Amino acid sequence: MPMTTDYLVIGSGVAGLAFALEAAEHGDVLVVTKRSADESNTKYAQGGIAAVLSDADSFEAHIADTVRAGAGLCHQIAVEICVKGGPDRIRMLRDIGARFDRVDGATNGDPDYDLHLEAGHSARRVAHAADMTGREVERALLAAVACSPRVRMLEGHTAVDLIQMAKYGGPEVCVGAYVLDDASGRVLTVLARAVVLASGGAGKVYLYTTNPDVASGDGVAMAFRAGAEIANMEFYQFHPTCLYHPQARRFLITEAMRGEGAVLRLTDGTAFMKGHDPRGDLAPRDITARAIDFEMKRTGADHVLLDITDKKPDFVRERFPGIYEECLRWGIDITRQPIPVVPAAHFMCGGITTNLEGRTTIPGLWAIGECACTGLHGANRLASNSLLEGLVMGHRAAQAMASTLDRSRPWPDVREWEVGSATPSEEAVIITQNWDEVRRLMWNYVGIVRSNTRLRRAARRIALLQEEIAEYYWKYFVTRDLLELRNIATVAQLIVECASSRRESRGLHSTSDYPNTDPKLALDTVVKRGVPAHLRGQ
Ligand SMILES: Cc1cc2nc3c(=O)[nH]c(=O)nc-3n(C[C@H](O)[C@H](O)[C@H](O)COP(=O)(O)OP(=O)(O)OC[C@H]3O[C@@H](n4cnc5c(N)ncnc54)[C@H](O)[C@@H]3O)c2cc1C
């Protein structure tokens, strides 16, 4: 028997939880999430949430900063809605118990938030909880959701694919999803009045990433398979400095360290940033990431060094206590030794095309947060705008759905998951090998700087890997690893397709074949199953 619910939410990061909390005022919510409820990109967010919270700031300034970062591709209306929705969302978080750092002496009304100034922002506007903002936001949202009797959370459950009536000769509408219970290996059929993808980013498509293991682009891949429109996948943001250590995966070294005088060096000790930008080590994030990538490719080294040993040890320990401790754990005393670093995939600016209520191009299917493409980020994300987007869009989608929820509709008759002639896998090594191949080829061929030749090679290899994965998928029982592999291969295909169709360099997409920005190409890249990627006006 299928499970039924009003709202099926796939993912328990900031977007999914913000939606669930509000949707539960109108209907029953089932949240499925791959691992523990808090495991998400959200949990690892350090910096904070951008919102206009002080008299010294203005919506106009936040809008202008966002649009400037987006390199000509932001949708003005999406920017305005997200920016103007920010202060209320911060208040909501405060009301459910999120503790943001405050300046002493807060009086009536809004507290006096201790707002950070971040690169690209022209005013202090980043609300934060020390350097663990995401953890605090996730904690508060999970606690609030746990108090809501209409929200049910299924941890260790991985959505496999969407259920569509078109398969049964009905209209093009999404009515639920198949969901794998990781512990039992059983695939559940879940029917819902609305399905909300809140499955986050896809950092795992690259060899090095700041994202946790859950970030395998499942929502984008599922939506693509279902026939939804996907946009702007070529714009993947890389963080320039992630600790390079075999065991210490995805530990981010804040850019504030360069702000305090740390110097990027080659492994032989040569400082190199001045040769790439007159601002040297203070160049913006994308330029720094490109410079490191260039030097790594030129020298064949697998990392570069970030050196803060010129500063007094007490200053370093006091200013960067978290990084000092974490590096020490791996045997690196940053007061005496340079830190091995690599750039790492950080944030997916593209995703499933949605309107400003989170509706995708498939009726019944919604997408919010990092898996969606609303037009807010354009070709490059302004730091700290992504938690903001998850909160605003979670709220807007819940509001829009409340007015259209139709509980009188009978549940459709759909087939349960069929195992067919599948058997338990005997060759898990194929999965690990293919995981590694996709991530490595994406890093080497479709990373920070692209070229036509490398993109063509990547496309050929990904197509071959997809054939092998499909064969494996139909032959053996599904597991989370296999599902994730199938999804990262699809995301890889989409990034390559979008990147290949953009014949210019813009924002986060940089190609040696078309090094300049072409003003005529200030268009979104859209792609759909059966329709090749192409550029289209807003
Ligand atoms: C290290 C780091 C630092 C960052 N710092 C900041 C910052 O300071 N400010 C800022 O604004 N942004 C920051 N970001 C980006 C920001 O954290 C994310 O963009 C945002 O949290 C995404 O929220 P989300 O709800 O869309 O997805 P996530 O928080 O990633 O949640 C996705 C959820 O979906 C689940 N899921 C995925 N696939 C499936 C499936 N098939 N079935 C079931 N569940 C599934 C996952 O398990 C997870 O629960 C940072 C990101 C990282 C990695």
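Quick note: residue numbers are just sequence positions, from 1. Keep in mind that what you see is a predicted model, and the values were worked out from it rather than measured. Order of listing sets the numbers, starting from 1, for every ligand and every atom in it.
- Shortest contact from atom 48 (C) of ligand 1 to any protein heavy atom: Glu39 O, 3.5 Å.
- Within the structure, ligand 1 has Gly48 among the residues with a heavy atom less than 4.0 angstrom away.
- On a distance-only criterion, Gly47 and ligand 1 share at least one N/O pair closer than 3.5 Å.
- An N or O contact shorter than 3.5 Å links Thr42 to ligand 1 by distance.
- Taking distance alone, with nitrogen or oxygen atoms compared against 3.5 Å, Pro212 stays at or beyond that limit from ligand 1.
- Atom numbering of ligand 1 starts at 1 in the shown order; those under 4.0 Å from a heavy atom of Ala198 are 32 (C), 33 (C), 34 (O).
- Looking only at protein heavy atoms, the nearest one to atom 18 (C) of ligand 1 is Glu370 OE1, 3.2 Å.
- Nearest-heavy-atom check against atom 14 (N) of ligand 1 across Gln46, Arg480, Arg381 picks out Arg381.
- When the options Val151, Thr4, Thr5 are evaluated for a side-chain contact (heavy atoms from CB on, under 4.5 Å) with Leu30, the one that passes is Thr5.
- The closest non-hydrogen atom to atom 46 (C) of ligand 1, taken over Val214, Val9, Thr209, comes from Val214.
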(request) For the pair Val179 and Thr158, evaluate side chain to side chain contact (heavy atoms under 4.5 Å, CB included) and give the outcome as yes or no after the intermediate values. (result) CA-CA 5 Å; Val179 176; Thr158 305; 5.9 Å; no
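- Remark: minimum distance from atom 11 (O) of ligand 1 to any protein heavy atom is reached at Leu387 N, 2.9 Å.
- Contact analysis leaves Ile49 out of contact with ligand 1, as no non-hydrogen atom separation drops below 4.0 angstrom.
- On a distance-only criterion, Lys34 and ligand 1 share at least one N/O pair closer than 3.5 Å.
- Taking the ring axis of Phe347 as reference, the NZ or CZ atom of Arg381 stays within 45° of it and closer than 6.0 Å to the ring centre.
- Residue Asp218 places at least one N or O, backbone or side chain, under 3.5 Å from an N or O of ligand 1.
- For atom 27 (O) of ligand 1, the closest heavy atom belonging to the protein is Gly200 CA, 3.3 Å.
- A cation-pi contact, defined as under 6.0 Å to the ring centre and within 45° of the axis, links Arg486 to Tyr473.
- Remark: of the listed residues Glu389, His75, Glu370, Glu389 is the sole one forming a side-chain hydrogen bond (donor to acceptor under 3.5 Å, both in side chains) with His377.
- Ligand-side atoms of ligand 1 in range of Thr158: 41 (N), 42 (N), range being under 4.0 angstrom from any heavy atom.
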With ring pair (Phe, Tyr, Trp, His ring centres under 6.0 Å) as the test, would you mind laying out the steps for Phe238 and Tyr206 before giving the verdict?
-> CA-CA 10 Å; Phe238 287 76; Tyr206 285 103; 5.0 Å; yes
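- Shortest contact from atom 4 (C) of ligand 1 to any protein heavy atom: Ala45 CA, 3.3 Å.
- Considering backbone and side-chain N/O atoms, Val14 comes within less than 3.5 Å of an N/O atom of ligand 1.
- Residue contacts with ligand 1 leave out Thr133, since none of its heavy atoms falls under 4.0 Å from the ligand.
- Backbone and side-chain nitrogen or oxygen atoms of Thr33 are examined, and one is located within less than 3.5 angstrom of a nitrogen or oxygen of ligand 1.
- Among the candidates Asp181, Asp218, Asp213, the single residue satisfying the salt bridge (Lys or Arg N to Asp or Glu O under 4.0 Å) test with Lys34 is Asp218.
- Of all protein heavy atoms, the one closest to atom 15 (C) of ligand 1 is Ser386 OG, 3.4 Å.
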Would Glu39 and Tyr44 count as a side chain to side chain contact (heavy atoms under 4.5 Å, CB included) here? Give the steps.
CA-CA 9 Å; Glu39 187 61 353; Tyr44 298 94; 2.9 Å; yes
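- Every atom of ligand 1 is numbered from 1 in the order shown, and the set under 4.0 Å from a heavy atom of Phe347 is 19 (O).
- The N/O atoms of Ser12, backbone and side chain alike, include one that comes under 3.5 Å of an N/O atom in ligand 1.
- Considering CD of Glu326 and CD1 of Ile253, their distance stands at 8.0 Å, rounded to 0.5 Å.
- In this structure, atom 42 (N) of ligand 1 lies nearest to the protein heavy atom Ala159 N, 2.9 Å.
- Taking every heavy atom of Leu252 and a limit of under 4.0 angstrom, the matching atoms of ligand 1 come to 1 (C).
- For ligand 1, the atoms sitting less than 4.0 Å from at least one non-hydrogen atom of Ala15 are 25 (O), numbered in the order shown with element in parentheses.
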Notebook entry, point to check: Would Phe19 and Tyr7 satisfy ring pair (Phe, Tyr, Trp, His ring centres under 6.0 Å), going step by step from the backbone distance to the final call?
Noted result: CA-CA 10 Å; Phe19 170 84; Tyr7 305 115; 5.6 Å; yes
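- Distances from ligand 1 to the non-hydrogen atoms of His157 include at least one value under 4.0 Å.
- Not close to ligand 1: Glu484, with no non-hydrogen atom less than 4.0 angstrom away.
- Polar contact with ligand 1: absent for His346 (N/O pair, distance under 3.5 Å).
- Checking only distances, Gly201 never comes within under 3.5 Å of ligand 1, N or O to N or O.
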